[in-house]
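This report refers to the structure that appears directly beneath it.
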Protein chains: 2
Amino acid sequence: MRGSRPRVKPLDGHGHAHNPSDYDAEQEGLLANGYSTGPIPSPFPQKGKGPAYEEGGVIDWQREEAAERERKRILASHRGFRGLTARLADTGSMWLVIILTGLGIGTAGAWLDVLVRWLGDLRDGRCAYGFFYNQVMCCSGLDPGELCYEWQTWSEYLNIRWILVQSLLQSSVYILLAVVFAGSAAALVKFYAPYAFHTGIPEIKAILSGYVLDSFLSPWTLLIKALGLALAVASGLSLGKEGPLVHVSCCLALLLSKMFKQIHRNEARKRKMLGAAAVAGVSVAFGSPLGGVLFGLEELDTFTGGTDVMWRGFVTSVIAAMALQYIDPFGTSKLVLFQVQITDETTVWRAFELIPWLFLSVLGGFLGSLLIKLNARIAVYRRNSMLNDWPTIEVVSVSAITAAVCYLVVFLRVQSSELVANLFMECDPIRGDWHGLCNATAIWANVFLLILTAGTKLVFTAWTFGMMIPAGIFLPTIAIGACLGRAVGLITQGLHRAYPHAWIFWSCPPEPNARCISPGFYAVIGASAMLGGVTRMTVSLVVILFELTGALSHVLPIMISVMVSKWVGDYFGKEGIYSIWIAMRAYPWLPPSEFRDKGETAADVMKPAADLVVIAEDTEGGCELEDVDRVVRMYRFHGFPVVCGETLVGYATRENLRAALDPLVLEDVASRRGRKCTFVPRPVELESESELVDLSDVLEDAVLQMRPEMPLELIVSTFQKLNLRHILFSREGILCGMVTKTDVVRLFTAKFPYTSALSSKSL
Amino acid sequence: MRGSRPRVKPLDGHGHAHNPSDYDAEQEGLLANGYSTGPIPSPFPQKGKGPAYEEGGVIDWQREEAAERERKRILASHRGFRGLTARLADTGSMWLVIILTGLGIGTAGAWLDVLVRWLGDLRDGRCAYGFFYNQVMCCSGLDPGELCYEWQTWSEYLNIRWILVQSLLQSSVYILLAVVFAGSAAALVKFYAPYAFHTGIPEIKAILSGYVLDSFLSPWTLLIKALGLALAVASGLSLGKEGPLVHVSCCLALLLSKMFKQIHRNEARKRKMLGAAAVAGVSVAFGSPLGGVLFGLEELDTFTGGTDVMWRGFVTSVIAAMALQYIDPFGTSKLVLFQVQITDETTVWRAFELIPWLFLSVLGGFLGSLLIKLNARIAVYRRNSMLNDWPTIEVVSVSAITAAVCYLVVFLRVQSSELVANLFMECDPIRGDWHGLCNATAIWANVFLLILTAGTKLVFTAWTFGMMIPAGIFLPTIAIGACLGRAVGLITQGLHRAYPHAWIFWSCPPEPNARCISPGFYAVIGASAMLGGVTRMTVSLVVILFELTGALSHVLPIMISVMVSKWVGDYFGKEGIYSIWIAMRAYPWLPPSEFRDKGETAADVMKPAADLVVIAEDTEGGCELEDVDRVVRMYRFHGFPVVCGETLVGYATRENLRAALDPLVLEDVASRRGRKCTFVPRPVELESESELVDLSDVLEDAVLQMRPEMPLELIVSTFQKLNLRHILFSREGILCGMVTKTDVVRLFTAKFPYTSALSSKSL
């Protein structure tokens with residue numbers, strides 16, 4: 001046995017009967033991750049149930065897929081009726097989970113909307129004829145223009161006359177309920193399911209790429225995240241429901257897949273299923289079935305799982321959208337959330353409009369980066385300050401401040417989704433003027449209000465995203481962008497009205513008072529630019545945005561704004577907000593982006609052979625069975641390279657070694673002493689001299705070997721594309737070293753200042 | 001030197017000064033491909049210009065990317081102002097090519113539309129005040145309902161009174177011009193650019209994945225394909241312009257990239273550029289910038305090139321669409337080609353409509369498969385019959401028959417794009433009745449006509465797609481689907497009118513004569529189903545279709561129909577029409593679809609070490625320089641594995657070996673005789689005894705080694721994901737064999753009956 005220097009301090013509290021505390025987590029990429037308040041997960045959640053990956057480890061895709069292949073082969077070998085039904089049941093179980101997940105998340109999304117709307121309206125008042133009606137349902141059935149007397153504000157309900165008391169009462173109820181909602185969400189999260197905090201997308205990205213974090217998707221998390229999300233959104237905090245819905249969808253899929261052990265037990269298959277579920281989550285969150293599929297493709301990188309994953313995601317997404325449309329929570333029988341009215345005047349856009357739009361795109365890219373940086377700093381500050389110990393207090397205070405500030409500004413007081421819907425809408429005399437937004441004489445007041453709203457939301461969002469509460473970043477980002485966009489649109493419109501004959505407006509219709517600029521669409525552009533800056537998504541963002549708004553004729557400006565804002569944002573830092581959070585939490589996730597080396601080769605990053613724990617046998621006589629057993633018991637690595645002399649023979653996982661050794665070492669000490677084993681099948685004459693136990697079946701089939709001269713860039717792209725766990729390096733057959741996924745992830749995150757800032761302290 | 005058994009007969013006519021005719025094309029995947037009439041390409045198109053790949057070979061992505069990396073590194077090492085400008089020029093050149101390609105293809109696409117429209121209208125008549133106006137431009141400026149006297153049919157122009165002579169003249173001109181257009185297109189293709197025939201998408205898929213076929217993208221091909229395409233479309237043959245436009249776009253990008261040697265000389269970089277150009281081609285063809293990007297992702301598989309390829313495609317696509325919109329060939333200032341009118345009545349669809357839509361989807365999947373099968377059979381028949389020698393005659397006869405038949409049926413007589421636009425349109429009293437399609441009393445006549453049109457088009461398309469003429473499959477497929485869809489829509493509408501109170505129609509508005517069914521949208525569903533069946537695309541198809549029609553509120557039914565039609569189609573055969581053509585032409589292209597082995601391992605497909613031509617040196621003394629030189633001269637393989645004793649040392653390309661050997665072997669015979677070389681750097685004391693030339697630098701850095709026990713499925717997916725050329729297999733350091741891309745491609749195509757049916761005969 002050669003070199004064995006443990007280099008990482010052991011994870012505390014994870015002892016296991018088989019191994020003493022002396023082991024090394026780094027050889028195979030077991031990273032020390034954790035949450036400040038999360039329960040310490042059991043290291044062997046699947047004990048005795050097949051491949052047991054430890055929480056916080058990385059799955060071995062090659063191995064999982066081999067297992068799946070083996071299962072399929074056995075299934076295909078069954079003959080006759082029994083075989084047929086077994087195969088049908090196998091395929092059927094997968095599709096059943098997909099269909100149920102789609103239906104489930106569609107339903108959950110719809111009811112969540114209903115709940116949020118009711119809770120949100122409760123902060124304002126109540127319905128006279130039924131406590132459980134929200135304002136829209138309470139006032140339905142009225143003609144346009146008719147006043148709604150059924151909906152009573154609290155002061156009307158309590159019959160208060162004095163205006164001062166009215167406002168005091170209304171604002172107190174507004175703030176009080178915000179605090180109660182947010183506080184109970186935080187308490188639920190803290191005490192029942194700490195993993196239910198935040199958006200969940202960084203974790204899902206890591207899990208889909210192979211990270212093991214089963215407790216993140218537990219039934220408790222499902223329940224708390226859904227409930228907490230409704231409370232959090234209703235509390236008026238600056239957060240959205242989109243990301244958390246993806247998390248809820250994944251929890252649901254995992255819960256459903258537990259019905260079928262063939263899905264649940266195979267980690268690769270489970271992840272492919274989760275990918276489809278995540279897609280459905282986006283589909284429901286935005287009412288955008290196609291955008292969901294593309295989100296899965298671009299952001300969750302589910303495409304590496306093969307075309308069938310995309311296809312399943314497509315189906316799940318369709319089913320979820322159908323369920324949502326069937327339940328129809330908004331009573332509009334439309335999926336589209338924020339409909340932009342495309343009238344004949346607005347379908348045409350003019351070349352000069354590119355100037356304000358480009359300005360918006362640059363602004364969006366810059367503010368997006370700013371939001372990311374601010375959010376990361378606040379998150380690190382939170383972790384290192386006393387706030388870390390009082391998460392519920394933080395949530396309560398922030399929600400109180402948010403509610404107090406928001407009550408003062410009319411655009412902030414309403415729910416974000418209502419604000420965005422109105423900002424996207426063009427002014428229309430029939431529909432009425434939403435809070436004076438269409439008042440042509442109050443342009444500057446409106447612009448000031450909109451910029452104030454955007455600025456306030458930016459700060460609140462940077463703080464809120466990361467508190468101990470379910471929170472998505474999409475909707476607040478859209479709201480910030482929409483405010484800025486509408487402001488720029490109003491200014492442009494004002495300029496046009498003031499100087500209708502200026503040369504720049506020559507392409508506008510010549511009639512006085514003709515409509516030329518559509519400020520509502522400027523809000524859409526602003527939202528796309530801001531989203532581009534924060535998430536750095538491209539294609540999926542465009543699809544989501546124009547499924548969201550129906551602005552098909554304007555797909556080109558949306559594309560341009562996303563493009564420019566991504567360029568500007570990339571100038572300030574390549575990573576989107578989810579990647580930043582992944583890096584801060586140090587999940588073993590490989591960004592799909594290209595890596596450029598500076599001439600380094602594998603030799604520069606690999607752990608050299610001398611530092612590896614290997615199982616070594618003599619070229620002549622094999623190796624002692626007891627030595628192998630000792631190595632396997634002593635180290636908790638995922639596996640060990642096997643060498644014969646110095647020649648690399650292969651790689652054996654600890655689990656397979658234990659399975660092979662356990663029956664052998666059960667024999668009495670005397671008989672096993674001096675017994676030898678080999679991993680290299682030898683000719684008979686050699687074996688006859690002493691009884692060698694042949695362990696060559698234990699070696700993994702799917703092991704990649706490369707030359708240490710391999711350029712680092714190619715190593716990285718091999719890891720990215722094949723989803724590998726490790727690569728062995730050899731020169732003329734002799735083992736030189738090993739590179740694991742962790743080493744490769746470190747290459748990406750090393751230069752980022754906040755890497756691991758949120759991960760190291762807790763465990 | 002070990003085992004050397006040439007197994008494939010040499011390619012004739014490709015001799016080269018360096019190598020005698022005794023070589024073997026199969027070791028590294030040089031496939032015998034070709035066209036029946038194509039000029040025999042020079043085997044060394046880039047002689048002396050760096051990496052020379054032979055036409056018909058496969059590029060080595062790893063090597064090309066290493067070269068690019070090296071170039072970038074050198075560029076980055078330049079200091080000061082000169083370095084900065086060099087780097088800026090490098091990035092700038094790439095973006096310049098992208099921008100120019102986008103602008104170019106946008107312009108080309110627009111002018112092609114204008115040309116086609118004019119040529120097509122010329123078959124009917126001429127404009128009184130200007131020969132070069134088409135009918136729409138000639139009659140523009142009229143009020144709705146006003147008759148257009150400026151456009152004269154030929155009989156009006158020649159002032160013919162007798163109706164019989166009129167019809168005779170009109171039909172003769174119609175047929176004659178069809179024959180003239182189609183015949184000249186075929187002649188152009190045959191004599192100037194044989195590669196300009198067909199759609200081009202199969203070849204582009206192969207080229208993007210690494211196939212070398214430079215003459216396919218020559219400037220001549222560009223010119224002939226564009227011109228021939230206009231003639232072919234105008235001739236009224238059953239073909240579309242979509243696929244060929246992608247080809248034109250790629251030709252253009254290659255032509256432009258020739259300005260910059262750093263793009264043109266690197267095969268990997270060139271291909272990434274071509275990927276972006278292809279995306280722009282789709283973007284222009286459909287007026288669907290987003291659909292273009294997704295087409296690139298899903299069908300052309302450009303995503304394997306990394307996220308930056310998608311991003312560049314996105315940008316190119318936007319620029320191309322902007323150019324198209326700026327030129328505005330249709331005078332509508334809209335990108336959308338076939339606008340579906342979304343009125344308040346049509347935004348809502350009812351659950352019972354799923355029944356006819358599902359029927360259409362199943363029909364589309366079935367007919368799509370039928371079309372593929374029919375087309376493949378006709379292509380094979382054409383190749384093996386005398387038609388192979390008379391391609392122009394075939395085109396002329398088919399166009400005459402097509403024109404004669406089409407003149408008789410009113411829906412067939414107009415251009416496909418006009419037919420589709422009208423089928424997608426809802427009936428509207430203001431717009432008038434297009435050829436009686438909206439006549440409620442003639443439902444059955446219309447249904448009969450539509451089914452007749454669909455059937456005729458199906459047969460004609462199956463024959464036309466593959467003739468010696470530029471031809472796309474998209475538009476005819478859409479037309480067939482739209483006819484069937486409209487027919488089903490008319491039937492459903494008829495049923496509703498006849499039985500408005502039947503229980504199935506309970507969700508329709510209760511008023512008599514209320515509109516409930518929109519037959520125009522049924523046509524969209526039919527088109528999606530048919531396209532799904534023929535191309536087997538999913539997400540990109542949905543995006544293209546709803547960018548094409550603007551039917552955003554109906555994205556869900558479109559998704560469902562694509563989904564079902566793909567399922568049905570896959571039942572009859574997994575491959576789409578492009579894959580079938582790739583297989584028939586035996587291009588070395590790996591489908592991205594999943595491969596399932598039946599328990600085979602690499603050992604079952606690899607070429608065993610004994611059959612490989614290897615460069616072998618002794619463990620002690622290296623090998624004779626002359627022996628290495630002889631091997632390199634004798635075999636035209638891309639490279640050779642190098643072994644020391646039996647241990648695998650690495651892989652050396654023939655090109656690098658020649659570069660290293662040529663200076664050495666130029667010395668006089670006496671001094672080089674007995675001189676030895678080695679690929680293994682040895683300790684000094686060994687080298688002193690005789691002067692060993694160290695060739696270890698010649699070895700490729702990026703070589704993958706695996707165990708022969710590796711499951712075949714994993715081998716295939718490694719090839720797919722890493723775009724590899726070969727993998728070496730070793731056991732305990734000893735070379736066991738090699739698998740090349742060709743071997744892997746053969747695994748996919750082996751079971752398909754027409755594999756290589758169009759490739760083996762010509763060369």
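All values below come from the heavy atoms of this structure, side chains included, with hydrogens, waters and symmetry mates left out. Note that the structure is a prediction, hence the values are computed from the model and not measured. Sequence lines set the chain letters: A, B, ... in the order given, protein chains first and strands last, and positions in each chain run from 1.
In summary, the side chains of E617(B) and T678(B) do present a donor paired with an acceptor at a separation below 3.5 Å, with no hydrogens or angles considered.
T538(B) touches chain A through backbone and side chain together, each having a heavy atom under 4.5 Å away. With a threshold of 4.5 angstrom between heavy atoms, L294(A) approaches chain B through side-chain atoms but not through N, CA, C or O. Neither the backbone nor the side chain of L728(B) comes within contact range of chain A, judged by heavy atoms closer than 4.5 Å. Of the two parts of L648(B), only the backbone, made up of N, CA, C and O, holds a non-hydrogen atom closer than 4.5 Å to a non-hydrogen atom of chain A. Residue contact with chain B, scored on non-hydrogen atoms closer than 4.5 Å, involves the backbone and the side chain of T718(A) alike.
By number of non-hydrogen pairs under 4.5 angstrom with chain B, the leading residue of I319(A), V642(A), L699(A), V562(A) is L699(A). Taking chain B as the reference chain and counting heavy-atom pairs below 4.5 Å, the highest number among E70(A), K72(A), E732(A) is found for E732(A). Interface remark: of the candidates I734(A), I715(A), T647(A), I727(A), T647(A) forms the most heavy-atom pairs closer than 4.5 Å to chain B. By number of non-hydrogen pairs under 4.5 angstrom with chain B, the leading residue of E700(A), M706(A), R73(A), K566(A) is R73(A).
Among residues two or more places apart in sequence or in another chain, the side chain to side chain donor-acceptor pair (under 3.5 Å) test is passed with S361(B) by none. Under the salt bridge (Lys or Arg N to Asp or Glu O under 4.0 Å) criterion, E709(B) pairs with R707(B), R731(B), not counting sequence neighbours.
With hydrogens and angles ignored, the 3.5 Å screen pairs no side-chain donor or acceptor of T316(B) with any backbone N or O of I98(B).
Here Q705(A) contributes atom CD and C736(A) contributes atom SG; the two are 10.0 Å apart, rounded to the nearest 0.5 Å.
For S730(A) against G733(A), the heavy-atom pair with the smallest separation is CB-C, 4.2 Å. Taking all atoms of both residues into account, the shortest heavy-atom contact from F314(B) to V293(B) is CA-CG2, 3.7 Å.
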